[in-house]
Amino acid sequence: MSLFNALPPEVSVYEVSPRDGLQNEAVTVPTTRKVRLIEALCASGLQRIEITSFVSPKWVPQLADGDEVAANAPRIDGVAFSALCPNGRGLERALAAEIEEVAVFISASETHNRKNVNKTVADTLAGFEEVIGPAVEQGLRVRGYVSTLWGCPYEGDVDPKEGLRIAKELLKQGCYQISLGDTIGVGTPVQTKAILDLFLAELAPEEVALHMHDTRGTALANIVVGLEEGVRTFDASVGGLGGCPYAPGAAGNVATEDLVYMLHGMGVKTGIDLEALVQAGRVAAAIVGHELSGKVHKAGVRSLSG
Ligand code: HMG
Ligand code: MG
């Protein structure tokens, strides 16, 4: 079936700028400014926001204030807050913060995983037993990330079957959804189709999300493939803010404004007010003190003549 007969009426956008965006800023943004960004994101109608990480402050000092961010972020009915959580200590912090969701993360390639969390893939999966099951028992939803699926900054090509094996284990432990990460933004559409064909042969479409960094400008093209394949959740970062501190050269996720502009233009609803989202992108640029790479962020919703 052609894409244009199969477009969904709506999709879910999962915003990662306060986490994936800010973790990669050279300068640590003060807590009050992070909260201002989260407020602006909430005002745009976004319903799923990853607000921080509960990881080691030695590893990601930019997000060392995660507890304060969570305590001061505005709580709005219908908006679910999430945070990265690598271990039991992270889960304790998430429970104290009273957020709705945590996200565990692991790589499909050994070298990236070791550089990111100082463990093998096998030990990381075993360690999640102190996070995923206990979090679900405490009433939290748990999302899983599988990184470097499209390519690893240290190992090059990655076997997506290894990513699928890891994803199935995360689902078995209790994750409700696995976000497939093109951590360094190397993916192209035919590769994306091959990866999704593999995953969707064994996982339900609602169990799969796409997390595309836009390093080489192919994120939206890959997302169109995702739409066609039946994926209905897309991660994005306002203004294109971000990267990964343990993936050298990685740029931010697809800019949320670019994603929403494209989806709305195709008649796919998101529940997000694009003008308000553009304002949130301005807040993001102001709090980090530099221009961001997003296309709609730079050009506006319509050109002057449009
Ligand atoms: P480690 O050094 O191997 O283990 O770190 P550790 O247990 O010895 O911990 C080191 C210190 O951190 C200790 O403190 C712990 O108490 C403390 P010390 O005794 O030395 O004073 N610690 C913590 N503190 C607060 N909260 C915690 C916590 N855990 C330990 N939860 C560890 C192992 C996993 C902790 C570390 O490697 C880590 O935090 N890594 C996080 C790396 C990270 O956040 N990377 C970026 C996110 S992943 C990403 O961006 C990809 C993604 O976007 C998807 C994609 O793009 O593909 C998700
Ligand atoms: Mg990422």
Side-chain angles (χ1 to χ4, degrees), residues 14-25 50 52-70 82-97 101-109 112-121 123-128 130-131 134-135 142-154 158 160 163 166-167 170 175 177-187 195 209-215 219 222 233-237 240-256:
Y14 181 93
E15 174 67 29
V16 297
S17 57
R19 192 281 300 172
D20 206 339
L22 294 180
Q23 78 182 10
N24 208 39
E25 284 298 313
E50 202 163 83
T52 190
S53 287
F54 295 127
V55 299
S56 167
K58 293 189 176 142
W59 285 65
V60 184
Q62 295 93 328
L63 302 183
D65 62 350
D67 311 84
E68 291 77 36
V69 169
S82 181
L84 282 196
C85 178
N87 52 21
R89 171 88 187 93
L91 176 57
E92 280 170 27
R93 294 173 65 193
L95 288 168
E101 186 167 319
V102 290
V104 296
F105 53 103
I106 182 167
S107 310
S109 53
H112 183 266
N113 198 67
R114 198 180 285 274
K115 298 232 182 219
N116 204 26
V117 293
N118 204 23
K119 284 192 197 73
T120 63
V121 166
D123 287 348
T124 306
L125 280 173
F128 285 160
E130 70 178 51
V131 182
V142 186
R143 197 172 196 247
Y145 283 102
V146 179
S147 293
T148 65
L149 256 175
W150 278 254
C152 172
Y154 308 103
V158 170
I166 294 168
L170 295 178
C175 288
Q177 183 171 70
I178 309 301
S179 186
L180 310 182
D182 184 3
T183 316
I184 53 170
V186 288
I195 289 173
L210 284 181
H211 179 96
M212 311 307 289
H213 284 261
D214 203 19
T215 319
N222 290 317
T233 297
F234 300 98
D235 299 0
S237 178
L241 188 70
C244 174
Y246 298 100
N253 285 85
V254 64
T256 317

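Each ligand, and each atom within it, is numbered from 1 in the order the structure gives. Position 1 is the first residue of the sequence; numbering continues from there.
For residue Asp20, an N/O/S atom approaches the Mg ion (ligand 2) to within less than 2.8 Å.
Heavy atoms from both the backbone and the side chain of Val55 come within less than 4.0 Å of ligand 1. Contact annotation: for Phe54 versus ligand 1, heavy atoms closer than 4.0 Å belong to the backbone alone. Residue contacts with ligand 1, taken as heavy atom pairs separated by less than 4.0 Å, involve Thr183 via backbone and side-chain atoms alike. At a 4.0 Å heavy-atom cut-off, ligand 1 touches Asn87 through the side chain alone. Counting heavy atoms closer than 4.0 Å to ligand 1, residue Val16 contributes nothing at all. Residue contacts with ligand 1 for Arg19 involve side-chain atoms from C-beta outward but no N, CA, C or O (heavy atoms, distance under 4.0 Å).
The Leu84 neighbourhood of ligand 1 comprises atoms 47 (C), with distances under 4.0 Å to a heavy atom of that residue. Near Pro57, the atoms of ligand 1 lying under 4.0 angstrom from a non-hydrogen atom of the residue are 24 (N), 25 (C). Near Gly90, meaning under 4.0 Å from one of its heavy atoms, ligand 1 places the atoms 31 (N). Close contacts between ligand 1 and Tyr145 involve ligand atoms 54 (C), 58 (C) [criterion: under 4.0 Å to a heavy atom]. Within ligand 1, counting atoms from 1 as listed, the ones closer than 4.0 Å to a heavy atom of Gly181 are 57 (O).
Rounding to the nearest 0.5 Å gives a distance of 8.0 Å between OG1 of Thr52 and CG of Asp67. Considering CD1 of Ile106 and OH of Tyr145, their distance stands at 14.5 Å, rounded to 0.5 Å.
Judged by distance alone, the side chain of Glu101 and the main-chain N or O of Ser82 form no donor-acceptor pair under 3.5 Å. Judged purely by atom type and a 3.5 angstrom limit, His213 has no side-chain atom pairing as donor or acceptor with the backbone of Ile184. A donor-acceptor contact shorter than 3.5 Å links the side chain of Glu15 to the backbone of Ser17. Looking only at distances, a side-chain donor or acceptor of Asn113 sits under 3.5 Å from a matching main-chain atom of Ser107.
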Subject >> Asp235/Arg19 under salt bridge (Lys or Arg N to Asp or Glu O under 4.0 Å): CA gap, chis, key distance, verdict >> reply: CA-CA 12 Å; Asp235 299 0; Arg19 192 281 300 172; over 6 Å; no

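Considering backbone and side-chain atoms alike, Val60 places every N or O at 3.5 Å or more from each N or O of ligand 1. Some N or O of His213 is nearer than 3.5 Å to an N or O of ligand 1, by distance alone. Some N or O of Ser147 is nearer than 3.5 Å to an N or O of ligand 1, by distance alone.
Side chain to side chain, Asn253 and His211 meet the donor-acceptor criterion of an N or O pair below 3.5 Å.
Evaluation of the side-chain contact (heavy atoms from CB on, under 4.5 Å) rule for Ala219 yields Met212, Asp214, Val254 as partners, not counting sequence neighbours. In this view, Thr148 and Ser109 satisfy the side chain to side chain donor-acceptor pair (under 3.5 Å) rule, not counting sequence neighbours.
Between Ser53 and ligand 1 there is no heavy-atom distance shorter than 4.0 Å.
Distances from atom 26 (N) of ligand 1 to the heavy atoms of Glu92, Glu50, Arg93 put Arg93 nearest. Closest heavy-atom approach to atom 1 (P) of ligand 1 among the candidates Leu149, Asn118, Thr124: Asn118.
Contact between Gly144 and Leu170 at its shortest, heavy atoms only, is CA-CD1, 4.2 Å.
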